[in-house]
Amino acid sequence: MTTVTVLLFARYADLIGASRVEVPESASSSLEQVVAYLRGLPGGGALPERPLIAVNMEQAGFDYRPVPGDEIAILPPMAGG
Amino acid sequence: MTTVTVLLFARYADLIGASRVEVPESASSSLEQVVAYLRGLPGGGALPERPLIAVNMEQAGFDYRPVPGDEIAILPPMAGG
Amino acid sequence: MNGLSGDPVDVDALVHAVSGPGRGAVVSFVGVVRNHHAGREVLELEYSAYGPMAERAIGVIVAEAEARWPAAVAVVHRLGRLAIGEVAVAVVAAGGHRGEAFEACRYVIEEVKQRVPIWKRERYADGREAWVDPTAPGGTQPARPEVSR
Amino acid sequence: MNGLSGDPVDVDALVHAVSGPGRGAVVSFVGVVRNHHAGREVLELEYSAYGPMAERAIGVIVAEAEARWPAAVAVVHRLGRLAIGEVAVAVVAAGGHRGEAFEACRYVIEEVKQRVPIWKRERYADGREAWVDPTAPGGTQPARPEVSR
């Protein structure tokens, strides 16, 4: 089964207990679906419904359809400085 | 004869060739008179008619009447920084 | 020069990197770890980042500033654990005149805070920890104790 | 700490003087001698001052800034001969947040330039010298060669 790799950071990684999650292809036809999948994981219910998402280090919209090789990252609100 | 001591700085000291001038009491009944006296000195003609003047380190108006002990300073445009 | 650093930030090195004989105005912003946040006493904190994206975002922000003002800009953001008083981020902008140096410096720190994927976990005097979240009420979100280090 | 100095300005000492565990934002302005002014190549310059009034004016400006913003401010202006690249003036403002530190720093350098009796004589590559005069056309007034040093 093909999967899409999602990177999690900071509080989101804490919530799910992992900094990297493999999402089955069946649940990754759009970023919206990917987030729904993550929110269904144990601890994932505290993820926001519409987090900031980067694909290949560029911000991406919820309707984006992941393709193999994409680096998808779910980003908590930025807190540098 | 009583005099009033006037401090000159930077370009104004260059123009008059001195950093300190004693102005006779007869020419120092007001700051306006003091400046007129300085402008009559050799090289003094290039002084502006209304330079910035400090009396005891506070800016003073042209109608100020100097009293003995005043520290009068004629200040070129400031150029710090 | 620009980017992330696991080692203490050398502000003088940044100043040196942007200085030049025609750049008479050097404006620096240095963000230092404070001993309090949102009413709680902070003991230390830890910065983490999505490294490659953060480096790239910093590079983009610097390029934007240098295109908009005649100034040279250097930025470093620290990662890892920091104690009170340590430098978390430094931005240095050098230009021919002070207006452009102030504006470029301010622009870069504002954009870094908004656009660079860096996160901050604070440890407080009461033993609790939290993630700083500028969008949350109170400015933080509790951190899971089981993942505390 | 605040005032005039015949010795090189120690910017780090100013930063240290205003820093504190509650002051997370430190903004510095450093004015450095440039190699050109008003289209002419500058070799070196000399600052002079009406010392007691300049010290007093700097103290007043710092007090104004510290009354207006919750920030601590330190300022030193160099006097005497300076070479290209030397620090002429440094202003450091530290506050709890960056807004107040930026604003206090900017306020102080603007006021120092306008209100502190300090003068600058420049020596150019062509051997001539001039007094910097922001009110004069071209920004300078010729200096008498006979008083050149």
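Residue numbering restarts at 1 for every chain, and letters A, B, ... go by the order of the sequence lines. No experiment lies behind these values; they were computed from the predicted model shown.
Taking each heavy atom of C:Pro21 and D:Ile84 in turn, the nearest pair found is CB-CG2, 4.1 Å. Here the shortest heavy-atom pairing between D:Val32 and C:Arg23 reads CB-O, 4.2 Å.
With chain D as partner, the option from C:Ser19, C:Gly22, C:Gly85 having the largest number of non-hydrogen pairs under 4.5 angstrom is C:Gly22. Of the residues considered (C:Ala101, C:Ala93, C:Gly31, C:Gly96), C:Gly96 shows the highest number of contacts with chain D, using heavy-atom pairs under 4.5 Å.
Within the 4.5 angstrom heavy-atom criterion, no atom of D:His37 approaches chain C. Heavy atoms of D:Val33 lying under 4.5 Å from chain C belong exclusively to its backbone.
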Could you walk me through whether C:Arg106 and D:Arg106 satisfy the side-chain contact (heavy atoms from CB on, under 4.5 Å) test, starting with their C-alpha distance in whole Å, then the side-chain angles of each, then the deciding distance to 0.1 Å, before giving a yes or no?
CA-CA 11 Å; C:Arg106 184 79 194 253; D:Arg106 183 79 195 253; over 6 Å; no
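The closest side-chain heavy-atom distance from D:Ser28 to C:Phe29 is not below 4.5 Å. In this structure, D:Asp12 and C:Asp12 have side chains that are in contact, with non-hydrogen atoms separated by less than 4.5 Å.
Going from atom CZ of C:Phe102 over to atom CD of D:Glu110 covers 7.0 Å, rounded to the nearest 0.5 Å.
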